[in-house]
Amino acid sequence: MPREIPKAYEPQEIEERWAKSWFDEKLFRAENSGDGPVFSIALPPPNITGTIHIGHMLEHTQIDMLVRWHRMRGHRTLWLPGMDHAGIATQFVVERQLAKEKIRRQDLGREEFERRVWHWRTERGGAIKDQMIRLGASCDWTRERFTLEPSLYRAVIEAFLRLYREGLIYRGRYIVNWCPRCQTAISDLEVVHVERPGKLWHLRYPVVGSNEFLVVATTRPETMLGDTAVAVHPDDERYQRFVGKHVMLPLMEREIPVIADAYVDREFGTGVVKITPAHDPNDFEVGRRHDLPEIDVMTNDAHMSAAAGKYAGLDRFEARARVVSDLEALGLLECIEDISHAVGVCDRCKSEVEPRISTQWFMKMKPLAEPAKEAVRGGLIEVVPDNQRTILLNWLDNIRDWCISRQLWWGHRIPIWHCDDCKEMVPATDSRVELFEGHARAAGIPAKCPKCGGAKLTQDTDVLDTWFSSSLWPFSTLGWPDDTRDLRVYYPTSLLISGYDILFFWDVRMIMMGLHLTGGATAKERIPFKRLYLHSLVRTSEGAKMSKTKGTGVDPLQLTQQYGTDALRYMLASMAAPGTDIILSDDRIVGARNFANKIWNAARFLFVNLEKVEAAGLTMEELAAPEIRAQAPYPVTGEGALAHRWIFSRLAAVTAQVNDALENFRFHEACQTLYHFFWDDFCDWYIEWVKPQLAGADREVALAAWRNIFAALDNALRLLHPVMPFLTEELWHKLPQPAGAHSIALDKFPEPSPHWADASSDDSMARLQEIVGAARNIRAEMKLDPKRKVAADFWTTGPMLKNLVTENMDPLLRSAALSELRISPVHLDPAGAAIRSTSAFDLRIAYGDTVDKAAEIARLNKEIERLAKDIESKQKRLADDNFTGKAPGKIVDDLRATMMERQIEHKKLRDRLDQLS
RNA sequence: GGGCGACUAGCUCAGUGGUUAGAGCGCUCCCCUCACACGGGAGAGGUCCAAGGUUCAAGUCCUUGGUCGCCCA
């Protein structure tokens, strides 16, 4: 193996191999027996129509990091995956496909159409699952669920029936958002408001029995055909005398009343508004208050209906133009104003939504919102970042009823039957489902109408909003409404990670449904998740949402192909600071790729060099067997001793930091900590420091050094595994592992071993790094040939530091490319030399005549000035009794100590400057 | 109109009241040293949007304003 290890990390083959192996071996299957802490999380189910995009990748990376971390810490970990049937989206995909054959779904009929969708689902749906497997998501695929499968269908019916019986689901004729393209009602949340230029038309309505007009202003003149009143504010003196009179609705020649209602904004337009109860939510309210007729002047596809008289059959926008020109011809168009206003469009298809009166199913939300508010406010559910908690509570405060019916064929059909004779609504007898052509449908069909005894019952044709089934996801996937073992073990789930864009659509609704429907005795047992982490969205460099249709989306699989999955994961995680959106940049992923390569090469170095020690009779087993690694660090004599103690001390600190970061969703901090540990500490210092020991002149030293370095590498790999699963898996397998060990993913996450912590090593190493830094700085400034080793002089007053230097002479000389480092008994002579100082030591390298004296003077001056300023400000603060009296003692002491150090440095530099000039 | 957020190095971003505010990339200089040029070493670069305030101490907390986003109505 060592001989074949490639020079650059080549992720492609490695990733595919491990992805397949993890899946085939069912490595991530959760056991619902046993003891110990449980960590469970449900995958936000992607749409079956979807393919993976960078947002999924971000979400899955974050989930997977936490899942792998918990699993490695021995928690009973379940990540439950699944797909959403995605009502509208899926129906559209299939309809579009049919359209190519010039077939409409109506031509096929409902049953045949559903058959086609199922067929599509089998053939084409769920591509995202394969992509997730390929990208290493450590889900328990044996528990995969689909929102339309029988057990979840049953959960939906059960939930519906309970809510219906409790009166929380009702049917009624109200104003809804109608999408004329999707030909279905949609919920308020599915309407997005876009600011668009528009016009405000001022129309004259003749007052009956006079020559006067009332002028109304409207952005939608075509709806005037359905006007059933005009309204003014009750206190508006301009119009009081008209209240109770009638105006003649132009074009329709219909007399409609002038009413007074406080809803009217006196400042808007003329202060008179037309009232169209069937086509405007506010007018609808006014209409109900005043008992006005509701005239729907449109059809399902937003053409004018028979109720629109001679305009029937026209598209709504054609009708608008015709209405305006007809009014103008009659002299009833007062003026046209250009304005900008918010237009509601369908979230999915972007066509203009038509507010329209319609018979639909609704869910009462206020009673459900109250417990949810309590759970969040009381901290039963922790929301991160915290500001999202405010947003969530705010929304719950203003919640409105949810229109849950959709005029689609793909979805959970509403389990209500209508009596053909008396129109009584009869719910399914129970939530049982039966299989029809292999797919679930309601089985509890009522036999006869309980009211009139009629035997002809027809099931409601509507289906439920996709989000209805989604809102049951955390418990329906675990077997609810049955009392299953999974449900008892894994519910409430530990955590939900979702994008903040679906907070209202999904997260909040799950909280409400979980609290209301599940069986726990207390709210704490009924919440669907204990913590809610809202992750950021990935945006384009312009800050816009990624969009496939606009071509601004980034294909994660392509990036993966180019840079490796681990690199992409690392990049996303390293940018995933809570609360701010992510703007992708090529640089970052290149950096992440380089990091992966660095890890690869550090391991490569070890394995390649192992040959040399194998030649000396040491075996891999002796050096790196698991039981050997477990006892690290091994004491090393000689000059590398410090570095060994130090790297394990670093490991202890890094482990604690990573644990803390992951506990708090601070993925970017975990990444940064790991990056610096691996690259700077492990590679740049530790490996470099101990290289000669590894070469094996002294067998005992080599043995211990190798054991330590392999143990450290093994620890590092396990620390890195959650974010870079493939690379670490591959390298882990190159180390000896216990018989039967399958994967690093099932190995232990490092413990933050307190006995590894070693403050004195940390301190000593930092000092030595300063000395090396000083020497390198002189070399670079003097433009010394890097290959040329030079002698240096060293002066310090501290005996400790003197010993430290002596004890670590060899690695010091190598790191700084020095031929020798002479410890001087006296102050160093600045003549003919460059000196670098800290308060603790001076380092001198002699030069010929190569040095730019003026540059050195400039450098000194700049440094002196900076120090002087700093010292002055510190002196000032220390002289202030207010500060010394009130600030904590440690702060004052530290400040004083620092100031004294600065003063020493300052004096040294001043002296040198004097001698130079 | 209501709410939430952002503004820190050329760029993308960290920064949890307390030393001289950090990282990656980019830039400058040197080095293809036998793990890695996807590398090593050394540097330059910041009145932390503005003005007030709280505090012994503010990039960090508060107020107001500016610019730019997002959500809701």
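Here is the naming used below: chain letters follow the sequence lines, and residue numbers restart at 1 for every chain.
Here the separation of B:C11 from B:C72, taken at their C1' atoms, is 33 Å to the nearest Å. Between the C1' atoms of B:U8 and B:A50, the separation comes to 15 Å (whole Å). Distance noted for atom P between B:A44 and B:A21: 14 Å (whole Å). A distance of about 27 Å separates the P atoms of B:A23 and B:C36, rounded to the whole Å. Annotation: B:A14 and B:U63 have their C1' atoms spaced 27 Å apart (nearest Å). Taking atom C1' on both nucleotides, B:A58 is separated from B:C48 by 11 Å, rounded to a whole Å. Taking atom P on both nucleotides, B:C38 is separated from B:C25 by 13 Å, rounded to a whole Å. Taking atom C1' on both B:U28 and B:G45, the two are 11 Å apart, rounded to the nearest angstrom.
OP1 or OP2 of B:G15 lies within a sub-4.0 Å distance of a side-chain N or O belonging to A:Arg666. In terms of phosphate contacts, A:Arg400 brings a side-chain nitrogen or oxygen within less than 4.0 Å of OP1 or OP2 of B:A73.
Just one residue in the list A:Asp894, A:Val892, A:Asp893 forms a side chain to side chain contact (heavy atoms under 4.5 Å, CB included) with A:Lys890, and that residue is A:Asp894.
Partners of A:Lys366 under the salt bridge (charged side-chain N to carboxylate O under 4.0 Å, His left out) rule, at least two apart in sequence or in another chain, do not exist in this structure. The salt bridge (charged side-chain N to carboxylate O under 4.0 Å, His left out) search around A:Asp762 returns none, not counting sequence neighbours. Listed by chain and residue number, A:Glu729 satisfy the side-chain hydrogen bond (donor to acceptor under 3.5 Å, both in side chains) test with A:His733 (two or more places apart in sequence, or in another chain). Annotation: side-chain hydrogen bond (donor to acceptor under 3.5 Å, both in side chains) contacts of A:Lys783 (sequence neighbours excluded): none. Residues satisfying the salt bridge (charged side-chain N to carboxylate O under 4.0 Å, His left out) criterion with A:Asp397, sequence neighbours excluded, are A:Lys373. Annotation: salt bridge (charged side-chain N to carboxylate O under 4.0 Å, His left out) contacts of A:Arg666 (sequence neighbours excluded): A:Glu669.
With hydrogens and angles left out, the side-chain atoms of A:Glu901 and A:Thr898 include no donor and acceptor closer than 3.5 Å. Using a 3.5 Å distance cut-off with no hydrogens or angles, the side chains of A:Asp581 and A:Tyr500 do pair a donor with an acceptor. Checked by atom type, the side-chain pair A:Asp507/A:Ser498 shows a donor-acceptor distance below 3.5 Å.
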Strictly under 3.5 Å: I want the nitrogen or oxygen pairs between protein and nucleotides 54-59 of chain B, one per line.
residue, atom, partner, partner atom, Å
B:C56, OP1, A:Lys886, NZ, 2.7
B:C56, O4', A:Asn882, O, 3.2

Pairwise N/O distances under 3.5 Å, protein to nucleotides 62-64 of chain B:
none

Distances for protein N/O vs nucleotides 3-6 of chain B N/O pairs under 3.5 angstrom?
residue, atom, partner, partner atom, Å
B:C4, O2', A:Asn387, ND2, 3.0

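At a threshold of 4.0 Å, the pair A:Arg389-A:Asp386 counts as salt-bridged, since one of the basic side-chain nitrogens sits closer than that to a carboxylate oxygen. Between A:Arg866 and A:Glu863 there is a salt bridge, since a side-chain N of the basic residue sits under 4.0 Å from a carboxylate O of the acidic one.
Contacts with RNA chain B (heavy atom under 4.0 Å) in residues 892-900 of chain A: A:Thr898, listed by number.
Within the nucleic acid shown, A:Glu669 comes within 4.0 Å of at least one base atom, counting heavy atoms only.
The nucleotide whose nearest atom lies closest to any side-chain atom of A:Tyr675 is, among B:C13, B:G24, B:A42, B:G24. When the nucleotides B:G41, B:A14, B:G45 are ranked by their closest atom to the side chain of A:Lys862, B:G45 comes out on top.
Nucleotide B:C70 forms a Watson-Crick or G-U wobble pair with B:G3, both donor-acceptor distances falling under 3.5 Å. Pairing for B:A35 is absent, with no Watson-Crick or G-U wobble pair whose two atom distances lie under 3.5 Å.
Among pairs with a residue in residues 577-600 of chain A, those fulfilling ring-ring contact (aromatic ring centres under 6.0 Å, His included) read A:Tyr9-A:Trp600, A:Tyr570-A:Phe595, A:Phe595-A:Tyr675, at least two apart in sequence or across chains.
A cation-pi arrangement is found for A:Arg877 relative to A:Phe883, the charged atom lying closer than 6.0 Å to the ring centre and inside a 45° cone about the ring normal.
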How would nucleotides 30-38 of chain B be written as a contact map, 5' to 3', with B for base contact, S for sugar-phosphate-only contact and - for no contact, using protein heavy atoms under 4.0 Å? SSS--BBSB

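Considering CD of A:Glu865 and CG of A:Leu860, their distance stands at 12.5 Å, rounded to 0.5 Å.
Within 6.0 Å of CD on A:Gln558 lie no more than 12 heavy atoms contributed by other residues, nucleotides or ligands.
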